[in-house]
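Notes follow the structure.
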Amino acid sequence: MADQTFLQAAILGVLEGLTEFIPVSSTGHLLLAGHFLGFNSTGKAFEVLIQLGAVLAVLSVYAAKLWHLVTTAPSDPKSRRFIVAVLLAFLPAVVIGVLAHDFIKTVLFETPMLIAIMLILGGIVLVVVDRMPLRPRYHDVMDFPLGLAFWVGVIQCLAMIPGVSRSGSTIVGALLLGADKRSAAEFSFFLSMPTMAGAFAYDLMKNRDILAADDLAVIGVGFVTALIAAIFVVKSLLGFVSRHGYGVFGWWRIIVGTAALVGLIVVG
């Protein structure tokens, strides 16, 4: 395996970790960056499997809170309800992800023009929603009603179109359904754990027969760099959005999407 491929994998891993939990579409960034870098992964597995590194970042940062939820669930109805809320929000992604997996990987992942357009459109939505005079009713992620959690999970399925953003769709959905900016981001963190772990397991199963040792080595490099970069983001994001909102991410999406469109038209 060429050193250049490992370098590309490291760059893409850092990009994954930095963008997974902010509403800019990590998959969209990975696929576009990979397109322009000439990086090709077997079965497009790299772009999905390295996301587990980002999941481990959440687990490491939220270990104490997760342990509290697990240990108090038998006696605390609030903890049990929150766990049910996260699992309920995860359910739509299971159904749609299994049914549409092959179409997503062979068609949507292979259409960089679509990804660039979705980055721009999602950026516009994010800027508009961030400026809306919303009146949040929920300030603690533990207080989210089950109905709100389920509909956030339904909205999350839009992110199966690369360029939409899993965190972006869940955050916007939660904001429109009454969450404040901080709790919307925090619920997105918790929902990412089963969603991304499930995507990892299912994609690994689907690609287990075509992945070679070289592929696994490249995935390992991306996995580690994604983990390190994601820890930084998870630790700092909640404070940032509480102070500054999500508008800056919307403008970032618009700039990146526009640059990608120009590059695709000019370079191909």
Side-chain angles (χ1 to χ4, degrees), residues 11-37 39 44 47-48 50-51 54 57 93 104 108-132 134 152 155-177 179-182 184-189 191-192 195-196 199 226 229-230 232-234 236-267:
I11 293 171
L12 293 174
V14 171
L15 186 61
E16 158 64 26
L18 292 177
T19 58
E20 179 58 52
F21 297 110
I22 61 176
V24 298
S25 180
S26 63
T27 302
H29 278 67
L30 284 180
L31 292 171
L32 288 173
H35 175 81
F36 290 113
L37 288 172
F39 179 85
K44 292 296 182 185
E47 290 81 359
V48 175
I50 67 169
Q51 292 178 355
I104 294 168
L108 298 183
F109 271 42
E110 301 289 351
T111 314
M113 191 70 74
L114 171 66
I115 298 169
I117 292 171
M118 296 311 298
L119 280 174
I120 296 170
L121 293 178
I124 294 171
V125 169
L126 205 56
V127 170
V128 170
V129 171
D130 191 61
R131 294 180 177 181
M132 290 174 63
L134 300 174
V152 169
I155 295 169
Q156 177 182 234
C157 293
L158 294 172
M160 293 181 190
I161 304 171
V164 170
S165 171
R166 187 205 60 79
S167 58
S169 60
T170 54
I171 287 170
V172 167
L175 290 173
L176 293 177
L177 290 168
D180 70 358
K181 293 176 180 179
R182 184 183 180 92
E186 192 168 19
F187 189 75
S188 180
F189 284 162
L191 182 54
S192 74
T195 301
M196 293 160 63
F232 167 77
V233 174
V234 173
S236 58
L237 181 62
L238 294 181
F240 180 88
V241 299
S242 295
R243 295 189 301 271
H244 305 291
Y246 295 101
V248 64
F249 301 119
W251 287 111
W252 172 259
R253 292 175 60 110
I254 293 168
I255 292 169
V256 171
T258 303
L261 271 182
V262 173
L264 290 168
I265 292 170
V266 174
V267 180

Verify side-chain contact (heavy atoms from CB on, under 4.5 Å) between V233 and E20, making sure each step is shown before the conclusion. CA-CA 9 Å; V233 174; E20 179 58 52; over 6 Å; no

Output, in order, the C-alpha distance, side-chain angles, deciding distance and verdict of side-chain contact (heavy atoms from CB on, under 4.5 Å) for E47 and E16. CA-CA 8 Å; E47 290 81 359; E16 158 64 26; over 6 Å; no

Could you check T27 against V164 for side-chain contact (heavy atoms from CB on, under 4.5 Å), going step by step and ending with a plain yes or no? CA-CA 9 Å; T27 302; V164 170; over 6 Å; no

Full working for side-chain contact (heavy atoms from CB on, under 4.5 Å) between V24 and V256: CA-CA 9 Å; V24 298; V256 171; over 6 Å; no

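The aromatic rings of H29 and W252 lie parallel to each other, with less than 30° between the two planes, well short of the 60° mark.
Between the side chains of T170 and Q156, not a single donor N or O lies within less than 3.5 Å of an accepting N or O.
Atoms OG1 and CD1, on T258 and I117 in that order, are 10.5 Å from each other to the nearest 0.5 Å. Between the CD1 atom in I171 and the CG atom in L126 there is a gap of 8.0 Å [rounded to 0.5 Å]. We find the OG1-CG distance between T19 and L15 to be 4.5 Å, quoted to the nearest 0.5 Å.
Panel note: side chain S192, backbone F189; a donor-acceptor pair is recorded below 3.5 Å.
The nearest pair of heavy atoms linking A174 to A184 is CB-CB, 3.7 Å. Heavy atoms only, all atoms of each residue included: G168 and S165 are closest at N-OG, 2.7 Å. Closest heavy-atom contact between A229 and V14: CB-O, 3.7 Å. Here the closest heavy-atom approach between residue L12 and residue L30 is recorded as O-CD2, 3.1 Å. Nearest heavy atoms, L238 versus E186: CD2-N, 3.8 Å. In terms of heavy-atom proximity, Y246 sits nearest to D130 at N-OD1, 2.8 Å.
With sequence neighbours left out, the side-chain hydrogen bond (donor to acceptor under 3.5 Å, both in side chains) criterion links K44 to no other residue. Taking S169 as the reference, nothing meets the side-chain hydrogen bond (donor to acceptor under 3.5 Å, both in side chains) condition, with sequence neighbours excluded.
At a threshold of 4.5 Å between non-hydrogen side-chain atoms, the residues F249 and V241 count as touching. Considering only heavy atoms from C-beta on, V248 comes within 4.5 Å of F240 through its side chain. A 4.5 Å side-chain heavy-atom check between F109 and P162 finds at least one atom pair inside the cut-off. The shortest side-chain heavy-atom distance between S188 and R166 falls under the 4.5 Å cut-off. M132 has its side chain out of reach of L175: every pair of non-hydrogen atoms, C-beta onward, lies at least 4.5 Å apart. For the pair L176/I155, no side-chain contact is recorded, criterion being any heavy-atom separation below 4.5 Å from C-beta on. You'll find the side chain of H35 stays beyond 4.5 Å of the side chain of L31, heavy atoms only. Side-chain contact between L264 and F36: present, with at least one pair of heavy atoms (C-beta onward) separated by less than 4.5 Å.
Listed by first and then second residue, the salt bridge (Lys or Arg N to Asp or Glu O under 4.0 Å) pairs that reach into residues 239-262 come to none, sequence neighbours excluded.
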